[in-house]
Amino acid sequence: MSFFTGRDGSIQVSGAEDVLKVRDWSLDTTVELLSTTVLGEHANTFHPGLKGATGSATLLYYKKEGGETGLELTTLLNRVQFVGEMTPAKQITLILKVGPGAFDDIKFDAYITSASISVSTTELTTVAFNFTVNGDFLEYINPSA
């Protein structure tokens, strides 16, 4: 039996190399329920409606040094939100990696919906960002693999 910790997780953007210096990420999924209850019934009844997902991640703000590989935070943020008009072309493909294996990934198209840079005298500078999944998941964790 294998267990994973946060050390095993990472993020990839559009199938490129991993984003460097990820502190954490989370993903929340929801399903809207449409009420089908009619007068005279004794309990609520529902039919599943639209599903969706949102999430967040916190990255450390840094600059690459000589032999480091990976996607720099500034490259990611400039591509998706800070520069130019928001258009469908600003959509990215995110791959959230739970563990080291290929079957431990959650892959989807998303839009970055907000980003927040936090600077404190005694802490590392971080960038927290939120995203919304656009459409269905492209890949998801496969527990049978």
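Keep in mind it's a predicted model, so treat the numbers as computed, not measured.
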Exercise. Any sub-3.5 Å donor-acceptor pair from T37's side-chain atoms to T45's backbone N or O?
Worked result: yes
Exercise. For the side chain of T58 and the backbone of A128, is there at least one donor-acceptor N/O pair under 3.5 Å apart?
Worked result: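 Checking the backbone N and O of A128 against the side chain of T58, no donor-acceptor pair under 3.5 Å is found.
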Separation between [atom1] of [X] and [atom2] of [Y], rounded to the nearest 0.5 Å:
X    : Y    : atom1 : atom2 : answer
I95  : K107 : CD1   : NZ    : 5.0 Å
D28  : S56  : CG    : OG    : 7.0 Å
L96  : W25  : CG    : CH2   : 4.5 Å
T126 : L124 : OG1   : CG    : 8.5 Å
L138 : I106 : CG    : CD1   : 12.0 Å
H47  : S35  : NE2   : OG    : 12.0 Å

For this session: Mind listing the closest non-hydrogen atom pair of S26 and F131 along with its distance?
Result: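 So the two residues come closest at O-CZ, 3.8 Å.
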For this session: For T93 and D109, run side chain to side chain donor-acceptor pair (under 3.5 Å): C-alpha distance rounded to whole Å, both residues' side-chain angles, the deciding distance at 0.1 Å, then the answer.
Result: CA-CA 4 Å; T93 300; D109 294 326; 2.7 Å; yes
Exercise. Is F46 linked to V31 within one hydrophobic cluster, defined over Ile, Leu, Val, Met, Phe, Trp and Tyr using a side-chain heavy-atom separation of less than 4.5 Å?
Worked result: yes
For this session: May I ask whether L33 and L50 are part of the same hydrophobic cluster, defined by side-chain heavy atoms of I, L, V, M, F, W, Y residues being less than 4.5 angstrom apart, directly or through others?
Result: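 No; tracing contacts between hydrophobic side chains, which count when under 4.5 Å, never links both residues.
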For this session: State which residues pass side-chain contact (heavy atoms from CB on, under 4.5 Å) with T30; sequence neighbours excluded, sorted by chain then number.
Result: none
Exercise. Who passes side-chain contact (heavy atoms from CB on, under 4.5 Å) against V38, sequence neighbours left out?
Worked result: E41
Exercise. Given L59, which of D24, V22, T125 fulfils the side chain to side chain contact (heavy atoms under 4.5 Å, CB included) condition?
Worked result: V22
Exercise. Looking at T132, L94, D136, which one forms a side chain to side chain contact (heavy atoms under 4.5 Å, CB included) with F108?
Worked result: L94
Problem set entry | Distance-only side-chain donor-acceptor flag, S114 / N130, under 3.5 Å |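 Result is yes, a qualifying pair exists.
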